[in-house]
Amino acid sequence: MKFLLFTFVGVVHLFSLNSGKAIYKNDISRRTFQEIKEEIARYKDVAKAIINLAVYGKAQNRSYERLALLVDTVGPRPSGSKSLEKAIQIMYRNLQEDGLENVHLEPVKIPHWERGEESAVMLEPRVHKMAILGLGSSIGTPPEGITAEVLVVTSFEELQRRAPEARGKIVVYNQPYVNYSKTVQYRVQGAVEAAKVGALASLIRSVASFSIYSPHTGIQEYQDGVPKIPTACITVEDAEMISRMASRGNRIVIQLKMGAKNYPDADSFNTVAEIIGSKYPEQVVLVSGHLDSWDVGQGAMDDGGGAFISWEALSLIKDLGLRPKRTLRLVLWTAEEQGGIGGFQYYQLHKVNISNYSLVMESDEGTFLPSGLQFTGSEKARAIMEEVMRLLQPVNVTQVFRTGEGTDINFWIQAGVPGASLVDDLYKYFSFHHSHGDTMTVMDPKQMNVAAAVWAVVSYVIADMEEMLPRS
Ligand SMILES: *[C@@H]1O[C@H](CO)[C@@H](O)[C@H](O)[C@H]1NC(C)=O
Ligand SMILES: *[C@@H]1O[C@H](CO)[C@@H](O)[C@H](O)[C@H]1NC(C)=O
Ligand SMILES: *[C@@H]1O[C@H](CO)[C@@H](O)[C@H](O)[C@H]1NC(C)=O
Ligand SMILES: *[C@@H]1O[C@H](CO)[C@@H](O)[C@H](O)[C@H]1NC(C)=O
Ligand SMILES: *[C@@H]1O[C@H](CO)[C@@H](O)[C@H](O)[C@H]1NC(C)=O
């Protein structure tokens, strides 16, 4: 996942419960909630069959094994790279060989940035070679590097207060980790804010919930009219040490060298496959994850897991010989990490049919043992999702939280389409996120089985119900 975990303020629909029946305002459906509840309860056996196949049956560990083969073979898949295009071609064949329908690629132009050789060495108060990762879209330094004194701050407010001290320096942000959406602002805007006060470069403390001296990269954004300066992340350990040194009055000097370069946009694709709906083929439930990753680690967790449980959802449904009334569409996004480039392109192309999208789903915050589903939609749709999640009682994943989201599906959610995402252990997720540690080693086949079962049950039932999810 890139950087958005925005708070979506939906219109809350009021309804009152009256002896098991709900009366919704502006209700387009004449069916009572009790009838909808009964309709959903009839999926109990189908849900059990999906769970049995995914968790205990012959599909056990399949999403994990498939993912391991892909990421061990092609490695990380950064936007614009040959390995991303190789992964897309492999997935295109995989989905066809799996017997899915309407398998095709939808072209997208995507950014191409490469980090090149990079290093940072503290020269004063002692020589110390630092682990760094340049931030996506950063420019490089001159070949001889940038050698400058450090100004360390813990917030943008402190940078403003100490603006006169920043000129000609390397600004180091030692911002505490609060949560991802809050803290990631330092990664995204750190260089721009430092450049505005005359800094030569900026280094951020990695946005991570935990560290064993691991730098965690990610996208950053320049602003028109503000000079572009090189920017990279350093480890939590080094950021804290630099802070301690500064508070002792030490003069700190760092030499930063970055060979980062932006190249012309590259050709890429969103990868699409379907199980075509039996009764309302024009109507869609979309399940998704992104195939691109950062250029470190294997992109196993971010977002190989999300992409592969989404594929697995369709595989499980197909293997059981099920065909929902609506079309189940799998999309493996490209260039999510660069700001949802593939997701935006898909939205632009397909939004003409927005009225026929019942639900958009994206898993991009880990596929560890899920604690439930995050959902954005009307209160009536939420009540329906809560009933659907009851079908997952056998794996004890029944909770429905607020704020379903995902970089690639937010375009639809903001336009009023109900959206869902998977919830799991975010502390673990942000321990490995965008680092060399994002490999198969953090993935667990049993947890992926459960995640895939949740994904398949929700997408199948919503795609097969008599009516689309009601909107606000
Ligand atoms: C699935 O993975 C688990 C955990 O590694 C292992 O115990 C189990 O034997 C595997 N099942 C199959 C069918 O490979
Ligand atoms: C993150 O932390 C900020 C500041 O404490 C808070 O306002 C925000 O709601 C938090 N966001 C999430 C997604 O928890
Ligand atoms: C939406 O689906 C319905 C029924 O499947 C179809 O009649 C209608 O033309 C579709 N609308 C759009 C905008 O494609
Ligand atoms: C929109 O939906 C119609 C069917 O309702 C389909 O024929 C058409 O290809 C869809 N257009 C896009 C761009 O997805
Ligand atoms: C089921 O999940 C809930 C909440 O996620 C948890 O508190 C409870 O311990 C779980 N029960 C079992 C039997 O695992």
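Atoms considered below: every heavy atom in the structure, side chains included; atoms not considered: hydrogens, waters and symmetry mates. Numbering of ligands and ligand atoms starts at 1, following listing order.
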Taking atom types as modelled, is there a side-chain donor on Gln175 or Thr183 under 3.5 Å from an acceptor on the other? no
Look at atom 7 (O) of ligand 1 and say which protein heavy atom is nearest, naming residue and atom and giving the distance to 0.1 Å. Lys446 CE, 4.4 Å
Any donor-acceptor N or O pair under 3.5 Å, side chains Ser459, Trp455: no
Decide whether an N or O pair under 3.5 Å exists between Gln60 and ligand 1. yes
Among all the protein's non-hydrogen atoms, which is closest to atom 5 (O) of ligand 1, and how far away is it? Pro445 CG, 3.6 Å
Determine, using ring centers only, whether Phe308 and Tyr64 are less than 6.0 Å apart. no
Can you sort out which atoms of ligand 2 are near Lys182, meaning under 4.0 Å from one of its heavy atoms? 3 (C), 4 (C)
What protein heavy atom sits nearest atom 4 (C) of ligand 5, and how far off is it? Gln399 NE2, 3.7 Å
Give the residue, atom name and distance (to 0.1 Å) of the protein heavy atom nearest atom 10 (C) of ligand 1. Asn61 ND2, 2.4 Å
So if I count the atoms of ligand 2 from 1 in the order they appear, which ones are less than 4.0 Å from some heavy atom of Ser181? 11 (N), 13 (C)
For Phe411 together with Tyr346, are the ring centres under 6.0 Å from each other? no
Can you confirm whether some protein heavy atom lies under 4.0 Å from atom 2 (O) of ligand 5, or whether none does? yes
Ion pair present between Asp295 and Arg115, side-chain N to carboxylate O less than 4.0 angstrom? yes
Taking N or O atoms only and a 3.5 Å limit, does Asn179 qualify as a polar contact for ligand 2? yes
Can an N or O of Asn396 be found at a distance shorter than 3.5 Å from an N or O of ligand 5? yes
Return the orientation label for the Phe430 and Tyr180 ring planes: parallel under 30°, perpendicular over 60°, tilted otherwise. parallel
Side chains of Tyr347 and Asp408: any donor to acceptor distance under 3.5 Å? no
Could you tell me which atoms of ligand 2, counted from 1 in the order shown, lie closer than 4.0 angstrom to a heavy atom of Val178? 2 (O), 5 (O)
May I ask you to decide if the ring planes of His433 and Tyr429 are parallel, tilted or perpendicular, using 30° and 60° as cut-offs? tilted
